[in-house]
Amino acid sequence: VNRLSEAERYLVELHQEKPTDSEVFHELANVFVRENKAIDLRLKFAETVKAIKEQAIDPNEADEQVSVMRREMITAFTQLKDYRSAVEQHIEIINRKPDEEENVDTAIRYVKRYGNGDLLLIYYQKTSEEAFKNYRWNVVLAKIFEANNEIEKAVKNYHKAIDNQPE
């Protein structure tokens, strides 16, 4: 019935009572998107992630719950035209499972469509330098360069990955 401010107040109360309730968060996120409240959405999302991680559940289950929510946040941030925040969610998804190529491919397709590819590139350049013995970041970086048709840089990063993890 388009009474968004009332819906927001009610959902915020419910969220405060049980911040790990994904259905309540999903509805609250929808309200924030309709109200164009990206900042509020980011804040409530951070609270929800923190609450999920503090639960007494298996860490893998918590990571999976957060991953599902991150995918929802990509959609929400895209609707809000907050593409940078959406790319940040892609980065977090990749960081949790860097060996899942589909996550990297999805992020690359996203930045090709919505921009902020520099954020993705700079983040993984920095990460591969700081964690130079972790081959995964060189593979991610190589895939980004490959998608940008920078084949020489892609090959260089694949070689670094092989040097760090020959098997």
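Connection of Ile108 to Val87 is established within a shared hydrophobic cluster, with ILVMFWY side chains joined at heavy-atom distances below 4.5 Å, either directly or through further cluster members. Under a hydrophobic-cluster definition in which Ile, Leu, Val, Met, Phe, Trp and Tyr are linked whenever side-chain heavy atoms come within less than 4.5 Å, directly or via other members, Ile74 and Val66 are assigned to different clusters. When hydrophobic clusters are built by joining Ile, Leu, Val, Met, Phe, Trp and Tyr residues whose side-chain heavy atoms come closer than 4.5 Å, directly or via intermediates, Val111 is not grouped with Phe77. A continuous path of hydrophobic side-chain contacts links Leu14 to Met69 [ILVMFWY only; heavy atoms under 4.5 Å]. Hydrophobic cluster membership differs between Ile91 and Leu41, with clusters built from Ile, Leu, Val, Met, Phe, Trp and Tyr side chains linked at under 4.5 angstrom.
The stretch residues 102-115 participates, sequence neighbours left out, in these salt bridge (charged side-chain N to carboxylate O under 4.0 Å, His left out) pairs: Glu102-Arg109, Asp105-Lys143. Applying the salt bridge (charged side-chain N to carboxylate O under 4.0 Å, His left out) rule to pairs touching residues 74-95 yields Arg42-Asp82, Arg84-Glu88, Glu92-Arg96, sequence neighbours excluded.
Residues passing the side-chain contact (heavy atoms from CB on, under 4.5 Å) test with Asn103, sequence neighbours excluded: Arg71, Ile93, Ile94, Lys97, Glu100. For the ring pair (Phe, Tyr, Trp, His ring centres under 6.0 Å) test, residues two or more places apart in sequence or in another chain that qualify with Tyr124 are Trp137. Partners of Gln165 according to the side-chain hydrogen bond (donor to acceptor under 3.5 Å, both in side chains) rule, which considers only residues two or more places apart in sequence or in another chain, are Glu167. Residues forming a side-chain contact (heavy atoms from CB on, under 4.5 Å) with Glu129 (at least two apart in sequence, or on another chain): none. Scored by the side-chain contact (heavy atoms from CB on, under 4.5 Å) test, Gln65 finds Ile52, Gln55, Ile57, Glu61 as partners (sequence neighbours excluded). Partners of Tyr114 by ring pair (Phe, Tyr, Trp, His ring centres under 6.0 Å), not counting sequence neighbours, listed by chain and number: Tyr83, Tyr110.
In this structure, Val139 belongs to a hydrophobic cluster whose other members, linked by side-chain heavy atoms under 4.5 Å apart, are Tyr135, Tyr158. Here Ile122 sits alone; no ILVMFWY side chain lies under 4.5 Å from its own, so it joins no hydrophobic cluster. Through direct or relayed side-chain contacts under 4.5 Å between Ile, Leu, Val, Met, Phe, Trp and Tyr, Ile39 connects to Leu43.
Atoms CG and NE2, from Asn164 and His159 in turn, are 13.0 Å apart once rounded to the nearest 0.5 Å. Expressed to the nearest 0.5 Å, how far CD of Glu8 lies from CZ of Phe32 amounts to 4.5 Å.
One N or O on the side chain of Asn134 and one on the backbone of Arg136 form a donor-acceptor pair closer than 3.5 Å.
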Candidate pair Lys156 and Phe145, rule side chain to side chain contact (heavy atoms under 4.5 Å, CB included), full reasoning: CA-CA 10 Å; Lys156 182 180 174 184; Phe145 281 127; over 6 Å; no

Check against side chain to side chain contact (heavy atoms under 4.5 Å, CB included), His15 and Leu11: CA-CA 6 Å; His15 184 264; Leu11 289 167; over 6 Å; no

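Across all non-hydrogen atoms, the minimal contact from His90 to Thr106 is CE1-CG2, 3.7 Å.
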Can you give me every donor-acceptor pair (side chain of residues 16-23, partner residue at least two apart or in another chain, under 3.5 Å) with its distance?
{"unit_1": "Asp21", "atom_1": "OD1", "unit_2": "Glu23", "atom_2": "N", "d": "3.0"}
{"unit_1": "Asp21", "atom_1": "OD1", "unit_2": "Val24", "atom_2": "N", "d": "3.1"}

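Within the 4.5 Å cutoff, no side-chain heavy atoms of Phe25 are placed close to those of Glu47.
A salt bridge between Glu6 and Arg9 is absent, with no side-chain N of the basic residue lying under 4.0 Å from a carboxylate O of the acidic one.
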